[in-house]
Asks: 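Okay, here's the structure, questions in a sec.
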Amino acid sequence: MENKVRVRFAPSPTGGLHLGGVRTVLYNYLFAKKLGGDFILRIEDTDQSRFVPGAEGYIFECLKWCGIEPDESAIHGGDYGPYRQSERKRSYLGYAEKLVENGYAYYAFDTPEELEAMRQDLRTADNPAPQYDQTVRGRMRNSISLPADETKTMLLKNTPHVIRIKLPDDEIISFQDMIRGEVHFNTGTIDDKVLLKADGMPTYHLAVVVDDFLMKITHAFRGEEWLPSSPVHVLLWRYLFGEKNMPQWAHLPLIMGPSGKLSKRDGAKYGFPVFAMNWTDPATNELTEGFKEKGFLPEAFLNMLAMLGWNDGTEQEVFSITDLIQKFSIERVHKAGAKFDYEKAKWFNHEWIKGFNAEDLRLKVKNVLEDRGLEVDDTILLDKVINLVKDRCTLLTDFYDQAYFFFRSPATLDIAAVRPKWTMEKKEFFISLCQEFEALAEWESAFIESAFKTIATEKNIKPGELQLPFRIMLVGGKFGPPVFDIAGLIGKQETIHRIMNSLEQF
RNA sequence: GCCGCGUUGGUCAAUCGGUUAAGACGCAUCCCUUUCACGGAUGAAUGAGGGGUUCGAUUCCCCUACGCGGUACCA
């Protein structure tokens with residue numbers, strides 16, 4: 001029990017949950033479930049200035065849609081709460097102070113203006129981004145540069161201050177990354193990161209380390225963008241809890257957009273979703289479309305994300321979540337970033353739609369149709385329709401275009417497709433056909449087809465010449481399942497009605 | 001600038017020193033189908049560049065180039 005695997009996804013609730021975030025969730029989840037471990041959701045809301053109402057609830061909604069339930073979280077409960085860092089605020093100060101006492105950190109009183117001035121002064125072409133490090137530490141106002149008593153009085157007077165880590169001047173920090181192998185950094189190239197902010201909140205650096213320890217996290221997955229600050233975290237573990245207790249790190253490769261790092265702008269620009277679900281920015285009211293609303297199945301969405309950076313070494317590409325749990329291995333996660341390919345994403349969805357049966361899709365298709373104003377209460381009919389058209393649907397939303405004519409006459413007919421070859425003889429054929437239809441005892445696709453062919457032979461017209469017009473009459477365009485199946489499902493009277501109605505327009 | 005991580009077709013990618021360098025998406029052509037799809041077949045398309053190591057490098061090492069990330073009291 002002591003060695004139980006515990007992983008965590010720790011998003012900052014500042015907006016929509018994008019592709020990369022969901023993939024991080026997925027890999028966390030797969031890893032934990034494969035090893036019988038727990039998946040924890042921790043909210044990293046230490047930046048009060050970036051609080052966005054609704055963002056936290058939205059994250060939970062996205063996970064729910066994906067079918068990934070945390071074992072522990074702010075709403076699922078658990079023994080290691082609270083699961084929001086803002087609610088754990090008081091626990092961080094002690095650790096920060098302990099670091100100061102041991103000489104691993106120090107108080108810094110520099111105001112934002114002073115910091116800005118320092119950066120201005122030191123900025124050169126060769127050093128465009130001066131850091132608060134060993135080279136400048138001495139000229140700033142902190143408990144290292146200032147006399148002890150002055151520091152003491154400033155502290156007593158509640159002078160606004162932060163606590164910064166004091167990085168060793170020149171030390172190689174290395175650790176094993178589960179994906180990249182051994183990585184190392186020289187502390188001389190890293191700045192003295194702020195650990196505790198002036199408002200008493202910890203920064204990410206302190207909070208991850210403290211919470212990962214307190215929550216007994218065994219393996220920590222995060223995006224590659226964290227790699228450069230990982231030596232700070234390693235040092236913090238060493239100073240606070242012992243490096244041997246540190247979780248094993250795995251820095252996941254980034255998901256790229258068409259031009260560089262994937263952003264929600266790419267979505268708007270190239271017409272594909274980047275968020276799991278629709279997200280409306282409460283400040284600007286700007287809506288960013290989600291995969292869910294675009295018509296993706298969660299199974300396909302997850303499948304696609306899993307393959308963006310991982311494969312099982314075989315040629316298999318379609319995986320269910322249970323399959324993924326069984327086969328996932330961190331060793332096979334790619335090191336390089338992957339460019340997101342919307343065409344491939346759609347292919348996954350198409351595969352999943354084709355693979356599902358009518359019952360699996362029923363509810364979702366019904367919703368799509370009803371969203372567009374089609375009332376569907378005949379489940380038997382709906383199932384038949386789904387089976388007939390699902391191969392033609394890449395997105396769930398395609399079901400409307402592919403199936404609406406089963407429930408409603410087409411609004412417009414592609415007359416241009418029939419008119420060039422339209423003749424009086426053909427018109428007569430359809431009139432006779434309607435009479436024949438009226439007389440049909442059983443309205444079933446095979447009988448409809450044979451009646452159609454019989455009349456065609458009588459009129460001496462090739463059946464093939466007549467099928468397209470018939471299709472246009474029933475469907476409105478050159479698409480859809482076999483015509484006789486359509487006629488069979490929409491019913492005798494409706495078929496005759498559509499034929500007669502079309503005859504007036506051709 | 002500095003630091004780090006990467007680099008196999010347009011994209012996702014297999015290969016763990018010896019292969020005609022898989023497969024998938026997309027694209028093209030054909031077959032099936034008197035619609036559109038599905039399905040099937042075929043094709044075009046890949047190891048960034050340069051040095052090593054080795055009998056032999058896509059694979060191991062170095063350099064260069066390029067890409068990405070970081071360089072905040074944001075995560």
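The model shown is predicted, which means the values in this text are computed figures rather than measured ones.
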Asks: If we call it a pair only when both distances are under 3.5 Å in a Watson-Crick or G-U wobble match, what pairs with rG43(B)?
Replies: rC27(B)

Asks: Go ahead and name the base partner of rA13(B); Watson-Crick or wobble counts if both distances stay under 3.5 Å, otherwise write none.
Replies: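 Base-paired to nothing in any strand shown.
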
Asks: Remember a base hit wins even if backbone is also touched, and classify G223(A) as base, sugar-phosphate or nothing at under 4.0 Å, heavy atoms.
Replies: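 Nothing, no nucleic acid heavy atom in range.
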
Asks: Please determine if R164(A) forms a cation-pi arrangement with Y132(A), meaning its NZ or CZ atom is less than 6.0 Å from the six-membered ring centre and no more than 45° off the ring axis.
Replies: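 Yes, R164(A) and Y132(A) form such a contact.
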
Asks: By the 4.0 Å heavy-atom rule, please label P11(A) as base, sugar-phosphate, or nothing.
Replies: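 Contact class for P11(A): none.
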
Asks: Touch check for I190(A), heavy atoms < 4.0 angstrom, all strands: base, sugar-phosphate only, or nothing?
Replies: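 I190(A): no heavy atom of the nucleic acid under 4.0 Å.
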
Asks: Answer yes or no: does a side-chain N or O of T203(A) lie under 4.0 Å from OP1 or OP2 of rA75(B)?
Replies: no

Asks: How would you label the contact of R332(A) with the nucleic acid (heavy atoms, under 4.0 Å): base, sugar-phosphate, or nothing?
Replies: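 Sugar-phosphate, no base atom in range.
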
Asks: Rounding to an integer number of Å, can you tell me how far R392(A) CZ sits from rU33(B) P?
Replies: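 Taking atom P of rU33(B) as the reference, CZ of R392(A) is at 15 Å.
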
Asks: Take atom NZ of K339(A) and atom C1' of rA13(B), then tell me their distance rounded to the nearest Å.
Replies: 15 Å

Asks: Starting at the 5' end of RNA chain B and moving along, which residue's nearest nucleotide shows up first, K335(A) or T189(A)?
Replies: T189(A)

Asks: When we call it a touch if two heavy atoms are under 4.0 Å apart, what does V162(A) touch: a base, just sugar-phosphate, or nothing?
Replies: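 Touches a base.
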
Asks: OP1 or OP2 of rC74(B) less than 4.0 angstrom from a side-chain nitrogen or oxygen of K197(A), does that happen here?
Replies: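 For rC74(B), OP1/OP2 do have a side-chain N/O of K197(A) under 4.0 Å.
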
Asks: For the pair made of CZ in F348(A) and P in rA13(B), what is the distance, rounded to whole Å?
Replies: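 Value for this atom pair: 11 Å.
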
Asks: Over how many whole Å does the gap from I386(A) atom CD1 to rC38(B) atom P extend?
Replies: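 Rounding to the nearest Å, CD1 of I386(A) and P of rC38(B) are 19 Å apart.
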
Asks: Between P130(A) and E224(A), who's closer to the 5' end of RNA chain B by nearest nucleotide?
Replies: E224(A)

Asks: Counting the atoms with a prime plus P, OP1 and OP2 as sugar-phosphate, which does K354(A) contact under 4.0 Å by heavy atoms, base, sugar-phosphate, or nothing?
Replies: sugar-phosphate

Asks: Counting the atoms with a prime plus P, OP1 and OP2 as sugar-phosphate, which does N186(A) contact under 4.0 Å by heavy atoms, base, sugar-phosphate, or nothing?
Replies: nothing

Asks: For N311(A) and rU8(B), what is the distance between atoms CG and C1' respectively, to the nearest whole Å?
Replies: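 Rounded to whole Å, this separation is 14 Å.
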
Asks: Send over the distance from R471(A) CZ to rU34(B) C1', rounded to a whole Å.
Replies: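 The answer, rounded to whole Å, is 10 Å.
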
Asks: My understanding is that a pair needs two contacts under 3.5 Å, Watson-Crick or G-U wobble. By that rule, which nucleotide pairs with rC55(B)?
Replies: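 Its partner is rG18(B).
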
Asks: Rounded to whole angstrom units, what separation is found between the CD atom of E171(A) and the P atom of rC3(B)?
Replies: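 E171(A) atom CD is separated from rC3(B) atom P by 18 Å.
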
Asks: Centres of the Y204(A) and H233(A) rings: under 6.0 Å?
Replies: yes

Asks: rU35(B), rU71(B), rC38(B): which one has an atom nearest the side-chain heavy atoms of H350(A)?
Replies: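 The answer is rC38(B).
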
Asks: Report the base-pairing partner of rC36(B) (Watson-Crick or G-U wobble, both distances below 3.5 angstrom), or none.
Replies: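 The base-pairing partner of rC36(B), which may sit in any strand shown, does not exist here.
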
Asks: Pick base, sugar-phosphate or nothing for R123(A), based on heavy-atom distances below 4.0 Å to the nucleic acid.
Replies: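 Counting heavy atoms under 4.0 Å across all strands, no contact is made by R123(A).
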
Asks: Using whole Å, what does the distance between atom C1' of nucleotide rU35(B) and atom CZ of F484(A) come to?
Replies: 12 Å

Asks: Distance check: side-chain N/O of H251(A) vs OP1/OP2 of rG6(B), anything under 4.0 Å?
Replies: no

Asks: Has R164(A) got a side-chain N or O lying under 4.0 Å from the OP1 or OP2 atom of rC73(B)?
Replies: yes

Asks: Please state the P separation for the pair rC62(B) and rG6(B) - nearest whole angstrom.
Replies: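 Taking atom P in both rC62(B) and rG6(B), they lie 12 Å apart.
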
Asks: Using the P atom as the point on both nucleotides, what is the distance between rG43(B) and rG70(B), in whole Å?
Replies: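 Approximately 44 Å lies between the P atom of rG70(B) and that of rG43(B).
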
Asks: Whether the Q505(A) and N501(A) side chains hold a donor-acceptor pair (N or O, under 3.5 Å, no angle test) is what I'd like checked.
Replies: yes

Asks: Charged N to carboxylate O under 4.0 angstrom, D47(A) versus R50(A)?
Replies: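 Answer for the salt bridge query: yes.
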
Asks: Output yes when at least one side-chain N/O atom of R222(A) is less than 4.0 Å from OP1 or OP2 of rG69(B), else no.
Replies: no

Asks: Quote, to the nearest angstrom, the P distance that separates rA14(B) from rA24(B).
Replies: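 Per the computed distance, 15 Å lies between those P atoms.
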
Asks: Within a strict 4.5 Å, meaning less than it, do heavy atoms of the Y107(A) and M154(A) side chains meet?
Replies: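 In short, these two side chains do not touch, never coming nearer than 4.5 Å.
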
Asks: Has the side chain of R180(A) got a donor or acceptor that lies under 3.5 Å from a partner of the other kind on the base of rC5(B)?
Replies: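 No, no donor-acceptor pair under 3.5 Å.
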
Asks: Using a heavy-atom cut-off of under 4.0 Å over every strand shown, decide if P160(A) touches base, sugar-phosphate, or nothing.
Replies: nothing

Asks: Searching all strands shown, indicate the nucleotide that pairs with rU8(B) (Watson-Crick or G-U wobble; both distances under 3.5 Å).
Replies: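 Across any shown strand, rU8(B) pairs with none.
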
Asks: Considering only atom C1', compute the distance from rU8(B) to rG23(B) and round it to an integer number of Å.
Replies: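 Per the computed distance, 14 Å lies between those C1' atoms.
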
Asks: So, for F291(A) and F301(A), is the gap between ring centers shorter than 6.0 Å?
Replies: yes

Asks: Counting the atoms with a prime plus P, OP1 and OP2 as sugar-phosphate, which does T124(A) contact under 4.0 Å by heavy atoms, base, sugar-phosphate, or nothing?
Replies: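 It contacts nothing in the nucleic acid.
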
Asks: What is the nucleic acid contact for A336(A), judged by heavy atoms within less than 4.0 Å: base, sugar-phosphate only, or nothing?
Replies: sugar-phosphate

Asks: Would you say the ring centers of Y270(A) and Y342(A) fall short of 6.0 Å from each other?
Replies: no

Asks: Assert yes or no for the condition that the ring centre distance of F221(A) to F9(A) is strictly below 6.0 Å.
Replies: no

Asks: Could you please name the partner base of rC2(B), counting Watson-Crick and G-U wobble pairs only when both distances are under 3.5 Å?
Replies: rG70(B)

Asks: How far does the C1' atom of rC36(B) sit from the matching atom of rG18(B), given to the nearest Å?
Replies: 49 Å

